Structures are given as structure tokens and as C-alpha cells.
Amino acid sequence: MKKIDKLVLGSFWGPFFLTLGVVIFIFLMRLLMFYIDEFVSKDLDMATFGRLLFYFALLTVPTALPLAVLLSSLMTFGNLGEFFELTALKSAGISLTRAMRPLLIVAIFISVFSFWFNNVVSPWANLKGYSLLYDIKTAKATLNLKEGIFYNDLPGYSIKVDKKIKAGKESTTGDLLKGLVIYKQATNGMETGNREIILADSGRMYTDKDRTYLVFELFNGNDYQEYTDNNTVSYASDGTSKGAQFVRNGFKNYRLVISLESFGIKRTDENQFEYHEYMKNLSELASLTDSLRKDYKNTSLSVASTSRQYYSYQFKADEAAKFQKAKDGKWVDSLLRKQDATRPDFAQTALSQAQNVLNYATSNVSYLAEKEKSVWKYQLESHHKFTQAISIFVMFLIGASMGAIIKKGGFGLPVLIAIVFFIFLYVLTIAGDKYAKDGLIWVPIGAWLANLVLFPIGLFLMQRARHDSRLFDKDVYTIAWERLKRKWADRRQQAVTESMS
């Protein structure tokens, strides 16, 4: 490896890893802000939270790589141009394409790595990350009794406290509660209502060491219970219950133990999430796409034959041959009048059968449309395995060319230009995906739309950079504007002179 290659690569790796880390951090912060309420109220342990961040950090790598390559290559050649190192290289007979060669090789290797990552790591990370996120979202919030409000998240209980005094961190006796009302709800059906009510002047609430049970230590209260023979209650006209016995038990100290089995995270079977296209690699996507296409074809071909069950023939084929070229006339009305009144009305029967056929056809059209959209989604994800890898190479062309043209390094103008092109790439990708999923454009066109637009821009910038174009110099446009104004003034003067002569 020559010194020029070491110089270029040494200037590239620092901004690359820095940009990659910053972009991953930004996407993780976006995730946290979007689901902050879910995370705060679920009392997640650090291991679960760390695994969630790790999975979603892996998911952001394919998105972060194009921006990292764009910004780092732009900064590399911007710094070389700002300190006249590119000028020295060109004066020594080294062309710009030769100076870009080591980064071109690196960009190709990063593109290959991105394809492998999208095909192998991303499906696994998507499955693990989104299944864990679903379990966190569906987990119940931690127990949080609020003053004067009934808490109903404990299965079989509804609890209200008038005042809650939080215990200290070192306290083992739990929170102090004042004015407790506890409804014990029946487990054999909501129609039986609340059959037991506990009222207490005060109490304490704490969990055991394993956090599997919640304990209420109640003081100075009463336990009101209603008993019936067959566990059912009938009511009189005045609203009072018949055949029920009411029992009141007073207590000075009462211990109520409630299981916390319904709280915490319960892992869902990951096979329930494997149907999504993000959880599949390239071979699985190809197999599913082929299966969906066959299903779509078979369903569309069977619509005509299966629709026959929704209508009936009034005449057999041999009998229908007797009525050849029947003409309309009074005999039709007389024939209809002779029909037995008990027979179903022909017009109503025909209308009902026509409506059945229409409903059947409409449902099949909707089913086939959804099936076709599923095919488009799987096809789109298959193309994205390649498009995200190729976009790295496209971003390198744009970044290296722009850096050689603007000749500015650092985190000022290069960052602004990189963000503009990255947003352009992101918007084109989202637009192409939307149009492809809706069937407005061909799926390959929608998937490759961003690269098809940006690749010619990269080639144009590369051509300008090779010829030392002053594409972004203010003086170039100022001089061109002055020349345009002079030409315009000369033409006006010439027109005035011709009119006077």
C-alpha cells in the first residue's frame, strides 16, 4: 500500500466511525422518544432494556451506512482540497480517480457487507427486537395506586385509597395507606357483581423478596361478604336481593395477599412474528413470493367455477332447446298468471341471486387485491436487500466528488450537504416504496427509484470534479451574472440604435 492510499484511508476511517455512531445514537433516541411512556411505566430491568437497544442499534446500521460513507468521503476529500493536498497530488501527476481508488475499494467492501447484513443479521434483529418491543408494550404497568382513584389492573380486585404516604428507600414495611376500599370481584362471571368489600382505616402495601406477591397489611376495618346457596342472586322489584346472606367481619389486623403473576414481561412465541417481510432473508422472500403468486393465480382461475353455486338454472339444456327464438307477446303475461301463487317470485329470486354473485365477486376482488399487495411487499423487501447496498456506492460517488469540488473539510458545510443528499435519498426511497405498494408503479422501479435518480448525479459530479470544476464557487456565478447583464444591455442598446436609424 502506497503512502497516498494510507493518507486517504487514514482521513476516512475517523469521520466514518464517528458518523456511524452518531446516526445510530440519533435513531435510538428517536425510538426512546416514541416509546418513552411504554418504557417508563413498565419497570424494565437493565438487561431487558439493553437487549432492546442492542437489537434496534443493529437495525439502524443499514440506514446509517450510506450517510456515514457520504459524510466521511466528503470530509476526506474536502480536507485534502482545503489544505491543497489534492493540488499537490495533481501536480505530481496523480489523477483524482487514482486518489479515490482506495476509498472506492472500501466502498465496494462496505456495500458487500451491507448486503450480507441486510440478508442475515437484519431479519434476525427485526424478529428479536420487534417481538421484545411487543412484549414490553403488552406488559402491564407497575403497580401505582393514586389517591382517590380506583386501581383496576389487578385481576379480581378494584382498590382505592384516600391518602398514600411513600415509604423511604430503606424501609421494609412498604407504603402507608389511609382510607382503603377494596372490592373483590367474582371470578366466575361479571354478572355476579362484587360479592365482597373490605374497608380499612389504614394499612401498608409491600411486595415479597421475589416480587411475585403483593401484600396488604390492613388495620381496623370490616369485611362485608354476600353468600347465596347456588352462587346466584335474584332481585325483587324494589331492587333488593332475595335469598342472599350478608356477613360482616370486623378486624384489627388483616393480611391480604395478591399474586403479581399478571405483571412483568411475558415472552411471546417468536414464530407469531415470522410472517412479516422484515423477518425474512432473500431465499425465504423468493419462496413466499412464488407461493403467493401461485395462490393468486389459482384463486383468480377458480372464481368463475365456484361462483356457480350462487345462481341456478331454471331450465335444463334439452328442454331449453324447445324454446327457440321465443317472441315476446301477450302469451307471456297469460303464462305468468297461470303460475301457482305458492311458487317463489322469479324477480325476487333473480335479484337475490344477483346480489349473492355480486357479493361473492366483490369479496374475491378484495382478497385478490390484498394478495397482490402482499406479493408487492415481499418483492419490494427483496429488492431492498440490494438497493441499500448499492446506495452506499452511490453516496460515495457523490461525497467524494462534492468534497473535491467544494474543497471544504470539517463539520460545517460538508455536514449540511451530506444531510441534504441523505434526506433526498430517504424521501425518494419512501416515495418509491409507497407507489410500489399501492401498485402505481412497477415494483423494481419503486425500489430502485432513489438510486436511479442519484446515480446520474454522482456521475455528473465525478465528471465535474475530474475537470476541477468551480461548480460551487460564488465568483463563477457572479461573473456569469455580470456577463448576462452586459449582453442584455448590449442587445437593448443595439435595438435602440437600429430603431433610431
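The first residue in the sequence is number 1, and the count goes up from there. Only a predicted model underlies this, so the values are computations on that prediction, with no experimental measurement involved.
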Parallel, tilted or perpendicular: which describes the rings of F422 and Y426, with under 30° parallel and over 60° perpendicular?
parallel
Less than 4.5 Å apart, any side-chain heavy atom of N126 and any of L59?
yes
Test side chain to side chain contact (heavy atoms under 4.5 Å, CB included) on F421 and I457 and set out the steps.
CA-CA 11 Å; F421 276 102; I457 296 177; 4.2 Å; yes
Return yes if some donor-acceptor pair links the side-chain N/O of D290 with the main-chain N/O of A286 below 3.5 Å, else return no.
no
Would you mind telling me which of N451, I110, L104 makes a side-chain contact (heavy atoms from CB on, under 4.5 Å) with F393?
L104
How far does CD1 of I149 sit from CD1 of I159, to the nearest 0.5 angstrom?
14.0 Å
Go through Y130 and F56 one step at a time and tell me if the ring-ring contact (aromatic ring centres under 6.0 Å, His included) criterion holds.
CA-CA 9 Å; Y130 280 104; F56 277 90; 5.2 Å; yes
Heavy atoms of Y55 and A125 approach each other most closely as O-CB, 3.9 Å
CH2 on W376 to CD1 on I441, rounded to 0.5 Å:
11.0 Å
Report yes or no: does N298 contribute a side-chain atom to a donor-acceptor pair with the main-chain N or O of K294 at less than 3.5 Å?
yes
Does CZ in F109 sit with more than 12 non-hydrogen atoms of other residues, nucleotides or ligands closer than 6.0 Å?
no
Greater than 12 external heavy atoms within 6.0 Å of F150's CZ:
yes
When rounded to the nearest 0.5 angstrom, what is the spacing between CG in N249 and CG in N222?
8.5 Å
Using the six-membered ring wherever Trp is involved, compare the ring planes of F117 and F113 and label them parallel, tilted or perpendicular (cut-offs 30° and 60°).
tilted
L425 side chain reached by L70 side chain, heavy atoms, under 4.5 Å
no
Which heavy-atom pair separates S122 from P62 by the least distance, and what is that distance?
OG-CG, 3.7 Å
What distance separates D162 CG from E147 CD, expressed to the nearest 0.5 Å?
8.5 Å
Taking the side chain as C-beta and beyond, is there a heavy-atom pair between M395 and L454 under 4.5 Å?
yes
W448 and I390, any side-chain heavy atoms less than 4.5 Å apart
yes
In E381, Q388, H384, the residue satisfying side-chain hydrogen bond (donor to acceptor under 3.5 Å, both in side chains) with N118 is Q388
Backbone N/O of Y367 and side chain of E370: donor-acceptor pair under 3.5 Å:
no
Considering residues, nucleotides and ligands other than W442, do more than 12 of their heavy atoms fall under 6.0 Å from its CH2?
no
With the side chain counted from C-beta on, respond yes when V23 and T60 share a heavy-atom pair under 4.5 Å apart, and no when they do not.
no
Could you walk me through whether L103 and F16 pass the side chain to side chain contact (heavy atoms under 4.5 Å, CB included) test, one step at a time?
CA-CA 12 Å; L103 289 191; F16 174 78; over 6 Å; no
Given side chains that start at C-beta, do those of K385 and L285 come closer than 4.5 Å, heavy atoms only?
yes
Pairs in or reaching into residues 437-452: which pass salt bridge (charged side-chain N to carboxylate O under 4.0 Å, His left out), with residues at least two apart or in two chains?
K434-D438
For E284 and N281, work out which heavy atoms get closest and say how close.
N-OD1, 2.9 Å
Least distance between heavy atoms, P15 atom then T19 atom
O-OG1, 2.7 Å
Whether W124 and F54 hold their rings parallel, tilted or perpendicular, with breakpoints at 30° and 60°
perpendicular
Are the side chains of V106 and F12 in touch, meaning some heavy atoms are under 4.5 Å apart?
yes
Which heavy-atom pair separates L218 from A200 by the least distance, and what is that distance?
CB-CB, 4.0 Å
From CG (L132) to CZ (F49), nearest 0.5 Å:
11.0 Å
Tightest non-hydrogen contact, residues S114 and L65, listed as CB-CD1, 4.0 Å
Should F219 and K252 count as side-chain neighbours, where that means a heavy-atom distance under 4.5 Å?
no
Given L452 and L428, is the side chain to side chain contact (heavy atoms under 4.5 Å, CB included) satisfied, shown in steps?
CA-CA 10 Å; L452 290 175; L428 288 175; over 6 Å; no
Counting only N and O atoms by type, is there a donor-acceptor contact under 3.5 Å from the side chain of S131 to the main-chain atoms of K128?
yes
Backbone N/O of S11 and side chain of T76: donor-acceptor pair under 3.5 Å:
yes
Main-chain N/O of L282 paired with S382 side-chain donor or acceptor, under 3.5 Å:
no
Would T429 and D433 count as a side chain to side chain contact (heavy atoms under 4.5 Å, CB included) if you check the C-alpha gap in whole Å, the side-chain angles of each, and the deciding distance to 0.1 Å?
CA-CA 6 Å; T429 302; D433 290 355; 4.0 Å; yes
CG-CD1 distance between L397 and I392, expressed to the nearest 0.5 angstrom:
12.5 Å
Expected output: side-chain S287 to main-chain S283 donor-acceptor under 3.5 Å:
no
